[in-house]
Amino acid sequence: MPGGHFYAQPLPFMFMLARHRHPIAAIATAPGRGAVGIVRVSGKDVTAVINAICGRPLLPRQATYLPFRDAAGGVIDQGLVIHFPAPHSYTGEDVLELQAHGGPVVLQLLLARCLEAGAALHPVTGQACLPDMRVAQPGEFTERAFLNDKIDLAQAEAIADLIDASTETAARSAARSMSGEFSLAVNALLAQLIHLRMLVEATLDFPEEDIDFLEKADALGQLVRLQQTLASVMQRAGQGAILREGIKVVIAGQPNAGKSSLLNALAGAELAIVTPIAGTTRDKVTQLIQIEGVPLHVVDTAGLREALDEVEKIGVERAWAEIQSADAVLFLHDLTQQDAIDYIANDASIASAMALKLPVKTPIIDIWNKSDMASVAAQAHLATTSTPGVVISAKTGAGLQALREQLLSVVGWQSAPEGVFMARERHVRALAEVDVQLQRAAAQLRASQPALDLLAEDLRQAQRYLGDITGQFTSDDLLGEIFSRFCIGK
């Protein structure tokens, strides 16, 4: 292949460390009591553990009901055991799953027995099964699945995202990524990109070929089509990142504008204390809700005004800190106070402060609350303004659906859930870098005298960023950071 380095990337096994040679064991079910608990074992050979605990060979991938034995031959528990011989297992190694009653003591006894049996004599060689078995680190079973090429990195991350999904839509999107839909889209981009690199490298490797070679091969047309495909993947990944990360929405405004009432109305529960007394909320109240399957972290904050005491001052400072870190701000106004000069002036002061303190990209939605109590004149005057915002009544629920729709719109939610796959912020950043590199490459191809060496480098960098997503060009440090966030036993 021209250039000879299109596939010269590190493979997963390159990242294997000394600790990966040890067989591992862990409790794979959540802490606490339950009907069933699972202890999972993975290693190059788990025969010693099977003989020690089960006392008999097991048929591959068949559930067997039997007693689990301790070192003295006593029964720890009775349950199901399944042996998945390598390479046809989750990790690609020998895997043993012991399904027992879900008591913490029982599971700890089983885990200890597995660790003990992992250092027992091998039934065939009579030698110790070294290195000794140890307790698995967080995410190590899935890490081994990645290192043994059972899944790529995007699929591995989707497994954790499926476990952590906070809405049904997020769970379905994570399942799509886990099944490989996101990886297929990335690999399709890679295939187009590699073909384009072949053309450019051929021109570099054979100087007698001039730029006409790229023109005849429609290199620019291929690149434009690649950019169009990338734009579609970026859009779907961006939507997936919203599903995974959720949206931080901060409710802000003057005291007694109805912020706590709005939080309660959006959540459908009495979460925040609501009284007619201004300044009731002194600290933030956060609630996770969902709108059309999109998770929203809604934060109710203290009323913004000149603090009357030290406690309220701290609350106002925290309110501003939350506002500055928001993905979207709901600026709440009291419609019943639109005749009060001081109130209008304070609202204007808050708006000016937000304009200075918030990033330009942070959307602010003006919300006019208490429409059920406001005068007809106040509402009529609001209709004449250039940016009327959303008129609601947190008490009756009027206007809340319009608010939900506008909120999703301003934060960039567009796609139908069926077309979204789960993605992480690092995926979105990598795709954005690919876009930058392809734009540079397009500029070179459109130039009257293209610098082919720079064009080749742009395409090479684009391929590297795509490889970061699936793990083809991923550092061991990043792998450690990703898998450390998994639960133990997964």
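- Between H333 and W368, the ring planes lie parallel to each other; the angle is under 30°, not in the 30° to 60° tilted range.
- Heavy atoms from other residues, nucleotides or ligands lying under 6.0 Å from CD of Q290 number more than 12.
- Shown here is R134, whose CZ atom has more than 12 heavy atoms of other residues, nucleotides or ligands within 6.0 Å.
- Residues Q222 and R225 bring no donor and acceptor atom of their side chains to less than 3.5 Å of each other.
- Using a cutoff of 4.0 Å between basic side-chain nitrogens and carboxylate oxygens, R424 and D161 are scored as salt-bridged.
- Remark: side-chain polar atoms of T301 are not paired, donor with acceptor, to backbone N or O of V316 under 3.5 angstrom.
- By the salt bridge (charged side-chain N to carboxylate O under 4.0 Å, His left out) test, E245 is found to be paired with no residue, residues two or more places apart in sequence or in another chain being considered.
- Under a cut-off of 6.0 angstrom, the local environment of CZ in R61 is crowded, with over 12 non-hydrogen atoms contributed by other residues, nucleotides or ligands.
- Between the side chain of R176 and the backbone N or O of V420, at least one donor-acceptor pair lies under 3.5 Å.
- Other residues, nucleotides and ligands contribute over 12 non-hydrogen atoms within 6.0 Å of the NZ atom of K357.
- Contact detail for L400 and A265: the closest heavy-atom pair is CD1-CB, 3.7 Å.
- With 3.5 Å as the limit, one finds no donor-acceptor pair spanning the side chains of Q437 and E433.
- Each of T286, V299, I289, V298 was scored for a side chain to side chain contact (heavy atoms under 4.5 Å, CB included) with L263, with one residue passing: V298.
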